[in-house]
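As the structure lists them, so they are numbered: ligands from 1, and atoms in each ligand from 1. Values in this document were obtained by computation on a predicted structure and should not be read as measured data.
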Amino acid sequence: MDIRQLRDKILSFSLEDVDLGSQGYTRVLLQLFGYTGHGKSSFINSCMYVLEEGENFKEHAEAGETDHGLTMVRNAYPITDMITMVDNRGCSKMNDFERAEVYAQLGNFVPIGERVEWKDNYKAMMEALEISELEPNFSDFIVPIFVYRVRKQTSTESMQDVKTFMENCPKMTGIVPIVVLTFKTSADYLEIEKQFRLMGAETVIAIENYTKMSNIKTLGRTTDILMVIDSALRNVRFRLELPRNPKRERIERKKFMYNYIDQMKSHPERERMRVQPFYKRRERSVCGIY
Ligand SMILES: Nc1nc2c(ncn2[C@@H]2O[C@H](COP(=O)(O)OP(=O)(O)OP(=O)(O)O)[C@@H](O)[C@H]2O)c(=O)[nH]1
Ligand SMILES: [Mg+2]
């Protein structure tokens, strides 16, 4: 498929075109996660740029290097009528509450357009979950995308946290996160790709983001970025081949959150958390560290 066909396929994607129809979903939400400064906002700009004709690069999502993270508000960027990208707040180091907040964003329990504050107590966490019932969203089909830069790793970033996130995402969304390795030409991305594959990543795509400083469209860069969106849509089509119930799936995501927070309370000093899928809980403990 040439690049024009690939772009047209993405632009014309409709949830109604799947065999069983949209089943109550109205849009695909490509949810970006990753540590601060790894290129999430730049990836949104890159996606919008490659879907447009011409070479008029615009910075829709503000991007830049900061110490504590630039993106604080969970903003949404529609890239087609059916597909919206969400720039979730990045983490620098993760404590239990930050981890829980990441899952709250993933589960769509944090309103779009709202500043994401890392909560520091269980009560606030539970209250935020309850408030999400005011406008419950169950019609977004969530696809997790993990953005990771190959160039440097800081001491606060933990591959164990990344691995746990990779494992928990399919329990919440049915999809293994698509891994986007940014700064492709700055280091040995094949080595990092291997690490992610060993963690169970199914799709790993290394890219060089288009930025304010570097935005001459090339075939390779553009193709890599389009491939990420295409992979996400292939996951959506695959999941929608089976009957789905969006409301029930939201309830399952919420149960995951309750379970996660409950485990945090029961094991405040434990290092890592592994939450079992809901259907396995009767036979096994909910927390892998028992
Ligand atoms: N060379 C190069 N620079 C990149 C790439 N991706 C991002 N950058 C630069 O890296 C810096 C951080 O990128 P952002 O997109 O702001 O990162 P972020 O993940 O959104 O960061 P937070 O909002 O702080 O969580 C910016 O100066 C970008 O221009 C890339 O693939 N290659
Ligand atoms: Mg950002």
Original post:
So Asn137 and Asp140, side-chain hydrogen bond (donor to acceptor under 3.5 Å, both in side chains) or not? Walk me through it.
Top reply: CA-CA 7 Å; Asn137 179 315; Asp140 285 337; 2.8 Å; yes

Subject >> CA sep, side-chain torsions, deciding dist, call: Lys163, Glu167, salt bridge (Lys or Arg N to Asp or Glu O under 4.0 Å) >> reply: CA-CA 6 Å; Lys163 185 167 188 282; Glu167 288 167 356; 3.1 Å; yes

**OP:** Evaluate the criterion salt bridge (Lys or Arg N to Asp or Glu O under 4.0 Å) for residue pair Glu65 and Arg149; output intermediate values, then yes/no.
**Re:** CA-CA 13 Å; Glu65 292 280 357; Arg149 93 170 161 202; 3.5 Å; yes

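Under 2.8 Å from the Mg ion (ligand 2) lies no N/O/S atom of Ser42, from backbone or side chain alike. Taking backbone and side chain together, Thr36 holds no N, O or S atom under 2.8 Å from the Mg ion (ligand 2).
The shortest N/O to N/O separation between Thr36 and ligand 1 does not fall below 3.5 Å. By the 3.5 Å distance cut-off applied to N or O atoms, Ala63 is not counted among the residues near ligand 1. Remark: ligand 1 and Ser41 share an N or O pair separated by less than 3.5 Å (distance only, no angle test). For the pair Asn209 and ligand 1, the shortest N or O to N or O distance falls below 3.5 Å. Taking only nitrogen or oxygen atoms, main chain and side chain alike, Asp87 does not reach within less than 3.5 Å of ligand 1. Geometrically, ligand 1 and Gly64 share a nitrogen or oxygen pair separated by less than 3.5 Å. Ligand 1 has an N or O atom lying under 3.5 Å from an N or O atom of Glu208, backbone or side chain. The shortest N/O to N/O separation between Glu62 and ligand 1 does not fall below 3.5 Å. Checked by distance only, ligand 1 and Leu70 come closer than 3.5 Å through their nitrogen or oxygen atoms.
The nearest protein atom to atom 11 (C) of ligand 1, hydrogens excluded, is given as Glu65 OE2, 3.8 Å; this is a heavy-atom distance. Atom 29 (O) of ligand 1 has as its closest protein heavy atom Thr211 CG2, 3.5 Å. The protein non-hydrogen atom at the shortest distance from atom 8 (N) of ligand 1 is Phe183 CZ, 3.3 Å. Of all protein heavy atoms, the one closest to atom 28 (C) of ligand 1 is Ser42 OG, 3.5 Å. The protein atom (non-hydrogen) at minimum distance from atom 21 (O) of ligand 1 is Gly37 N, 2.8 Å. Remark: minimum distance from atom 25 (O) of ligand 1 to any protein heavy atom is reached at Lys40 NZ, 2.9 Å. Protein heavy atom closest to atom 17 (O) of ligand 1, with residue, atom name and distance, is Gly39 N, 3.1 Å.
Within the cation-pi definition used here (under 6.0 Å to the ring centroid, within 45° of the axis), Lys217 qualifies as a partner of Tyr49.
A side-chain contact (heavy atoms from CB on, under 4.5 Å) with Cys47 is found for one member of Ile225, Leu226, Ile83, Thr80 and no other, namely Ile225. Partner of Tyr210 under the side-chain contact (heavy atoms from CB on, under 4.5 Å) criterion, chosen from Arg221, Glu55, Met48: Arg221. With Leu32 as the fixed residue, the side-chain contact (heavy atoms from CB on, under 4.5 Å) test singles out one of Val180, Val86, Ile44: Ile44. Just one residue in the list Met82, Gln23, Arg27, Arg239 forms a side-chain contact (heavy atoms from CB on, under 4.5 Å) with Phe141, and that residue is Arg239. Checking Met199, Glu193, Lys194 one by one against Arg197, the side-chain contact (heavy atoms from CB on, under 4.5 Å) holds for a single residue, Glu193.
Here the shortest heavy-atom pairing between Ala61 and Asp87 reads CB-OD2, 4.1 Å.
Remark: distances from the non-hydrogen atoms of Gly34 to ligand 1 are all 4.0 Å or more.
Note that the CG atom of Asn245 and the CZ atom of Phe138 stand 9.5 Å from one another [nearest 0.5 Å].
Taking every non-hydrogen atom of Gly69 and a distance limit under 4.0 Å, the qualifying atoms of ligand 1 come out as 24 (O).
Between Arg253 and Glu249, none of the side-chain N atoms (NZ, or NE/NH1/NH2) sits under 4.0 Å from a carboxylate O, so this pair counts as no salt bridge.
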